[in-house]
Amino acid sequence: MVQKRGDVIKTSYRNYAANFEKLLSGKIKNSVKKRFITTPIYYVNGNPHIGHLYTSVACDVLSRFYKLFSKVAFSSGTDEHGQKVEREALKRNLEPQKYVDEMQSKFLDLLDRSNVKVDCFVRTTSKDHKENVLKFWNKLVDSGNIYKGSYSGWYSTVDESYYSESEIKDGKSIETGSDVEWLEEEVYFFKLSEWKEKLLEIYSDSNMIFPEERRKEVLGMINSDLPDLCVSRSNFSWGIKLDDQNVVYVWVDALVNYITALDRINSKQDTDCFSIENAIHIIGKDILKFHAIYWPAMLLACKVPLPSKIYAHGWWTVDGQKMSKSLGNVVDPFDLMSKYGADEVRYFLLKEMNFGNDGDFSYKKLEDRINLDLANSIGNLVQRILKFTEKEYGRVPKLDFIDDDKDMAILQEWDKALIKSIEFMDNQSLHSYLDSFISAVFETNKYLEDQSPWKKSADRKRKILSVGCECLKRMSILGAPIMPEKMIEIVKAINIMDHEELEEQPVSDIDISSHLNSYVSNLNNWTFPLNENYLNKDKIFPIFSKH
RNA sequence: UGCGGGGUAGAGCAGCUUGGUAGCUCGUCAGGUUCAUAACCUGAAGGUCGUAGGUUCAAAUCCUGCCCCCGCAACCA
């Protein structure tokens, strides 16, 4: 439909929209049909912080993006067992269950508040999960990968960990200075060492672990030392019981959450079920070992196919310093969102951190991003197009033919942004996706400047503004996974989706992808009155004064 | 020490796989414009690409040595 360079470009809008529809329906690139996206389950021994928020948002953006054109299941949850939790509960004079109930709700709030929409939320204390863990355990036992042995060493109750001879001095840990005592436990072991060769073989030539440097790190870990793994504990009781003495090792318990999530998701559908093979595990780099070594080894032992991808992202520093309670620089995600807005914070987190590397948080950076990208570029773009359009026509003017190079070029800019985004997202390169999104916004501002509709004849003015509105539609689709709430506001202003349907649910729940059919078919015949209710609302992205 | 990552304009980064006019965002300075949120657009200044060698007609890009920073070697996303 688009002619070669040099030819006169002239195409009907219908053709153009059809092509866009093709892009979205995944006909151009749709090699992977099902994706099971997971956050780690969050340990409830402390309040949610910005890192939890980041992981959740990153997964949500992946999930919402892929839902535009393929099948996705998205799970998260909380890890509620273990000695630290038991101790925290004790400190507060609470039953562990009571304590985890309280903490767990904070994590649910976090997801809710940040517009993260999961399909499934697994608590390790829930009944079906406990059953799954025992089922999984029995599979490991049946496969001959579990044996009972004794574990002994210098143990610090305070630090909750064993130390080797070289790590202690005068009955104290060199590093933390806490007392250690000789302890012997009768516990179960998993024959991790037997999977060494198999894991090496898999990872030596595989694109399962991302980014690449993490794969090397994992290879290093496997090569250096891979002793059998102690998979039960006998010195505390808050966990899934194996016998009178032992509870299941926290990580066996935690990792099985992915199986529980699958069970729940699959129980809601008859066919076309998800499996671990569809999994894209998004994790922080600190838990790489558990996901890239322990988990695959256990899956191999149980003869379950491995996840398709394990992606380790970096950590947040605050003003260049490591985030820690003792420094008092832990950023509270709830405060952040109530001051700046959920979508704004989502945008910032993803833009600021190159997925895979560490990122640095500061209020100045956050406000700069919001003011420059969101308010000045996106917000202003929406405003200048819609206000002008409203003044001139009171409705979105129909775009029947595209017959100008510049018009075609800017529309194609958005198509390209979408195509590139699909590639970027397949590599979990979220920041590149945001880059291509915001670049298209910049280009659209340039287009307007270049075409200056305010100086043009009535015909040309109408054409330029209709192209401008078209760009806003593209923007709302491409930007919806990042800022679901704000992009829906734009959709509502342009009035191109069925409003009654939209009003029925809170904006953060609206999934543009689920409306895409009517949305796209509407592209062909639209002269929509602008929705004054939304036009006259406050600015979509207000500017923040310098921090 | 072992393993891994990094050192590119004032700041933050991309480029390195497949060598060939050094790019992006922000900041600074000058101009344009008024449809729009004191916004938007254009242009300029600013870099011997950590360091010393090597390969090559040609290296930020490949190879070697060295210096500095930071992670992982610990149940914190």
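Here is how names work: the chains are called A, B, and so on, in the same order as the sequence lines, proteins then strands, and each is numbered from 1.
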Can you check side chain to side chain donor-acceptor pair (under 3.5 Å) on A:Glu367 and A:Tyr340, steps first, answer last?
CA-CA 9 Å; A:Glu367 288 181 1; A:Tyr340 296 100; 2.6 Å; yes
Of A:Asp332, A:Leu111, A:Leu110, A:Leu53, the residue whose pairing with A:Pro48 passes side chain to side chain contact (heavy atoms under 4.5 Å, CB included)
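Result for side chain to side chain contact (heavy atoms under 4.5 Å, CB included) with A:Pro48: A:Leu110.
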Which value, rounded to the nearest 0.5 Å, describes the distance between A:Ile37 atom CD1 and A:Arg64 atom CZ?
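The distance works out to 12.0 Å.
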Of the listed nucleotides [options], the one nearest the side chain of [X]:
| X | options | answer |
| --- | --- | --- |
| A:Asn354 | B:G71, B:C13, B:C75 | B:C13 |
| A:Ser377 | B:U37, B:C40, B:A77 | B:C40 |
| A:Pro40 | B:U25, B:A77, B:C40 | B:A77 |
| A:Arg233 | B:U37, B:A77, B:C75 | B:C75 |

Along RNA chain B (nearest heavy atom to each residue), the more 5'-positioned of A:Asn445 and A:Ile543
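Comparing both residues, the 5'-ward one is A:Ile543.
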Reading RNA chain B from 5' onward, which residue's closest nucleotide shows up sooner: A:Lys285 or A:Trp251?
A:Lys285
Taking the six-membered ring for Trp, is the centroid-to-centroid distance between A:His129 and A:Phe136 below 6.0 Å?
no
For RNA chain B, produce a single dot-bracket line, 5' to 3'. Pairs: Watson-Crick or G-U wobble, both distances under 3.5 Å. Symbols: ( ) within strand, [ ] crossing, | other strand, . unpaired.
((((((((.[[[[.)....(..]]]].(((((.......))))).....[[[[[..)....]]]]])))))))....
Nearest-angstrom distance from the residue atom [atom1] of [X] to [atom2] of [N]:
| X | N | atom1 | atom2 | value |
| --- | --- | --- | --- | --- |
| A:Lys365 | B:G12 | NZ | P | 8 Å |
| A:Leu430 | B:C13 | CG | P | 18 Å |
| A:Trp315 | B:C76 | CH2 | P | 7 Å |
| A:Tyr43 | B:A77 | OH | C1' | 15 Å |

Using centres under 5.5 Å plus planes under 30 degrees as the test, is A:Tyr42 stacked with B:A77?
no
Between A:Asp360 and A:Thr317, do the side chains contain a donor N or O and an acceptor N or O under 3.5 Å apart?
yes
Is a side-chain donor-acceptor pair under 3.5 Å present for A:Arg384 with A:Asn445?
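Side chains of A:Asn445 and A:Arg384: pair found under 3.5 Å.
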Could you tell me how the ring of A:His52 sits relative to the ring of A:His49: parallel (under 30°), tilted (30 to 60°) or perpendicular (over 60°)?
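Rings of A:His52 and A:His49: tilted, as their planes differ by 30° to 60°.
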Hey, what's the ring geometry for A:Phe388 with A:Trp454, parallel, tilted or perpendicular (30° and 60° as the breaks)?
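Aromatic pair A:Phe388/A:Trp454 classed tilted.
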Apply side chain to side chain contact (heavy atoms under 4.5 Å, CB included) to residues A:Ile280 and A:Ile282 and explain how you reach the verdict.
CA-CA 6 Å; A:Ile280 298 173; A:Ile282 306 293; 3.9 Å; yes
Scan A:Arg369 against the nucleic acid and name what it touches under 4.0 Å (heavy atoms): base, sugar-phosphate only, or nothing.
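Result for A:Arg369 = sugar-phosphate.
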Test the A:Lys309-A:Phe210 pair against the cation-pi criterion, namely NZ or CZ under 6.0 angstrom from the six-membered ring centroid and within 45° of the ring axis.
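Relative to the ring axis of A:Phe210, which defines the angle, A:Lys309 lies inside both limits.
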For the residue pair A:Lys486 and A:Phe541, would you count it as a cation-pi contact if the rule is NZ or CZ under 6.0 angstrom from the ring centre and within 45 degrees of the ring axis?
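So A:Lys486 does make the cation-pi contact.
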Between A:Lys420 and A:Glu423, does at least one N-O distance fall below 4.0 Å, as a salt bridge requires?
no
Nucleotides 1-5 of chain B: which of its N/O atoms have a protein N/O under 3.5 Å away?
residue: B:G5; atom: OP1; partner: A:Lys216; partner atom: NZ; Å: 2.9

Identify all pairs in which a protein N or O lies below 3.5 Å from an N or O of nucleotides 27-35 of chain B, and state each distance.
residue: B:C35; atom: O2'; partner: A:Arg384; partner atom: O; Å: 3.4
residue: B:C35; atom: O2; partner: A:Arg384; partner atom: NE; Å: 3.1
residue: B:C35; atom: N3; partner: A:Arg384; partner atom: NE; Å: 3.4
residue: B:C35; atom: N3; partner: A:Arg384; partner atom: NH2; Å: 2.5
residue: B:C35; atom: N4; partner: A:Arg384; partner atom: NH2; Å: 3.1

